[in-house]
Amino acid sequence: MTKIEKVIVFRFLSYIKFIFTATNQHGVHSPFVYDYVTKCLYNKEKLKLPITSKVLVKSLDYFNFKTVHILGDNKMLEAAIKKFCTNVTSTEINADVLVGSISDLKNDDIAISSLSNDTMVLLDDIHKDQISLESWNRLKKESQVRVTLDLFYCGIIFFRKEQVEEHFKIRI
């Protein structure tokens with residue numbers, strides 16, 4: 001089996017496993033996450049964007065975030081932010097939101113412990129391959145990480161100290 005075939009098989013099996021273990025808003029017992037899922041992620045606003053970009057744009061608006069740090073070089077995300085979130089600026093330090101892939105997070109050498117309580121991290125393609133999924137699972141175990149949402153296409157991390165540690169798989 002070629003490397004590409006292995007990746008395709010991994011993603012397919014990962015998706016099947018995700019579908020059987022994920023829930024919708026009815027499986028969420030955290031008021032913070034329930035509101036986020038129902039009022040933001042399940043918002044029927046029609047955006048013609050890839051899923052990760054759509055989640056980012058909706059989240060920036062829902063939480064009224066003002067700054068974003070795009071890890072790596074993602075022109076599509078930059079364009080989506082400029083088009084739909086005109087009040088959001090890009091910054092390298094103290095950003096409300098960090099967005100990129102798990103490999104970007106490693107490459108930019110971002111210390112999870114240095115992020116603030118209200119920071120959101122959005123990581124694209126957490127089920128891309130075995131390495132990405134293992135990295136996602138390691139991130140979930142970090143002591144500062146309080147809430148994670150696995151949306152299959154992307155993952156979201158919150159550091160809310162006031163929140164009980166919980167990890168969700170949500171179908172969107």
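Since the structure is predicted, the reported quantities are computational estimates derived from the model, not experimental observations.
The shortest side-chain heavy-atom distance between Phe159 and Val121 falls under the 4.5 Å cut-off. By the 4.5 Å heavy-atom criterion applied to side chains, Ile70 and Ile81 are counted as neighbours. For the pair Ile157/Leu115, no side-chain contact is recorded, criterion being any heavy-atom separation below 4.5 Å from C-beta on. The side-chain heavy atoms of Val99 and Asn74, taken from C-beta on, include no pair separated by under 4.5 Å.
Hydrophobic clustering (side-chain heavy atoms under 4.5 Å, transitive across Ile, Leu, Val, Met, Phe, Trp, Tyr) keeps Phe152 apart from Ile8. Linking Ile, Leu, Val, Met, Phe, Trp and Tyr whenever their side-chain heavy atoms come within less than 4.5 Å puts Val97 and Val147 in one cluster. Note: the hydrophobic cluster containing Tyr153 does not contain Met76 (ILVMFWY, side chain heavy atoms under 4.5 Å, direct or indirect links).
Heavy-atom minimum distance, Ala95 versus Val68: CB-C, 3.9 Å. Residues Gln163 and Arg146 come closest through the heavy atom pair O-NH2, 2.8 Å. Val33 and Phe168 get closest at one heavy-atom pair: CG2-CE1, 3.6 Å. Minimum heavy-atom separation, Tyr36 to Ser59: OH-OG, 2.6 Å.
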**Asked** Does the pair Leu41 and Leu151 meet the rule for a side chain to side chain contact (heavy atoms under 4.5 Å, CB included), with working shown?
**Response** CA-CA 10 Å; Leu41 298 179; Leu151 308 176; 4.2 Å; yes

**Request:** Determine, stepwise, if the pair Cys85 / Asp61 fulfils side chain to side chain contact (heavy atoms under 4.5 Å, CB included).
**Result:** CA-CA 7 Å; Cys85 304; Asp61 183 50; 5.5 Å; no

**Asked** Going through the checks in order, is the side chain to side chain contact (heavy atoms under 4.5 Å, CB included) test met by Ile156 and Met120?
**Response** CA-CA 7 Å; Ile156 301 171; Met120 180 180 109; 3.7 Å; yes

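Using modelled atom types, one side-chain atom of Thr67 and one backbone atom of Asp96 make a donor-acceptor pair closer than 3.5 Å.
The CG atom of Leu149 sits 9.0 Å away from atom OG of Ser30, with the distance rounded to the nearest 0.5 Å. Rounded to the nearest 0.5 angstrom, Phe65 CZ and Asn87 CG are separated by 12.0 Å. The distance from the CD atom of Gln130 to the CG atom of Leu133 is 6.0 Å, given to the nearest 0.5 Å. The NE2 atom of His69 sits 10.5 Å away from atom CD1 of Ile93, with the distance rounded to the nearest 0.5 Å. The NE2 atom of His29 sits 8.5 Å away from atom CD of Glu166, with the distance rounded to the nearest 0.5 Å. We find the OG-CD1 distance between Ser132 and Ile102 to be 5.5 Å, quoted to the nearest 0.5 Å.
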Could you go through residues 44-56 and list every donor-acceptor pair under 3.5 Å that involves a side-chain atom there, pairing it with any protein atom two or more places apart or in another chain?
unit_1: Thr52; atom_1: OG1; unit_2: Asp124; atom_2: OD1; d: 2.7
unit_1: Lys54; atom_1: NZ; unit_2: Leu47; atom_2: O; d: 3.3

With a 3.5 Å cut-off and sequence neighbours excluded, list the donor-acceptor pairs that the side chains of residues 10-24 form with protein atoms.
unit_1: Arg11; atom_1: NH1; unit_2: Asp125; atom_2: OD1; d: 3.4
unit_1: Ser14; atom_1: OG; unit_2: His127; atom_2: ND1; d: 2.6
unit_1: Thr21; atom_1: OG1; unit_2: Lys17; atom_2: O; d: 2.9
unit_1: Thr21; atom_1: OG1; unit_2: Phe18; atom_2: O; d: 3.4
unit_1: Thr21; atom_1: OG1; unit_2: Lys169; atom_2: NZ; d: 3.2
unit_1: Thr23; atom_1: OG1; unit_2: Gly27; atom_2: N; d: 3.4
unit_1: Asn24; atom_1: OD1; unit_2: His26; atom_2: N; d: 2.9

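Side-chain rings of Phe158 and Phe63 approach one another, their centers coming within less than 6.0 Å.
The side chain to side chain donor-acceptor pair (under 3.5 Å) test with Asn117 is passed by exactly one of Glu162, Arg160, Gln144: Glu162.
Residues passing the side-chain contact (heavy atoms from CB on, under 4.5 Å) test with Tyr34, sequence neighbours excluded: Gln25, Val28, Thr38. Evaluation of the salt bridge (charged side-chain N to carboxylate O under 4.0 Å, His left out) rule for Lys140 yields no partner, not counting sequence neighbours. Remark: Asp118 engages Ser116 in a side-chain contact (heavy atoms from CB on, under 4.5 Å) (not counting sequence neighbours). Considering only residues two or more places apart in sequence or on other chains, Lys75 meets the salt bridge (charged side-chain N to carboxylate O under 4.0 Å, His left out) condition with Asp73.
Atom NZ of Lys66 is surrounded by more than 12 heavy atoms from other residues, nucleotides or ligands within 6.0 Å.
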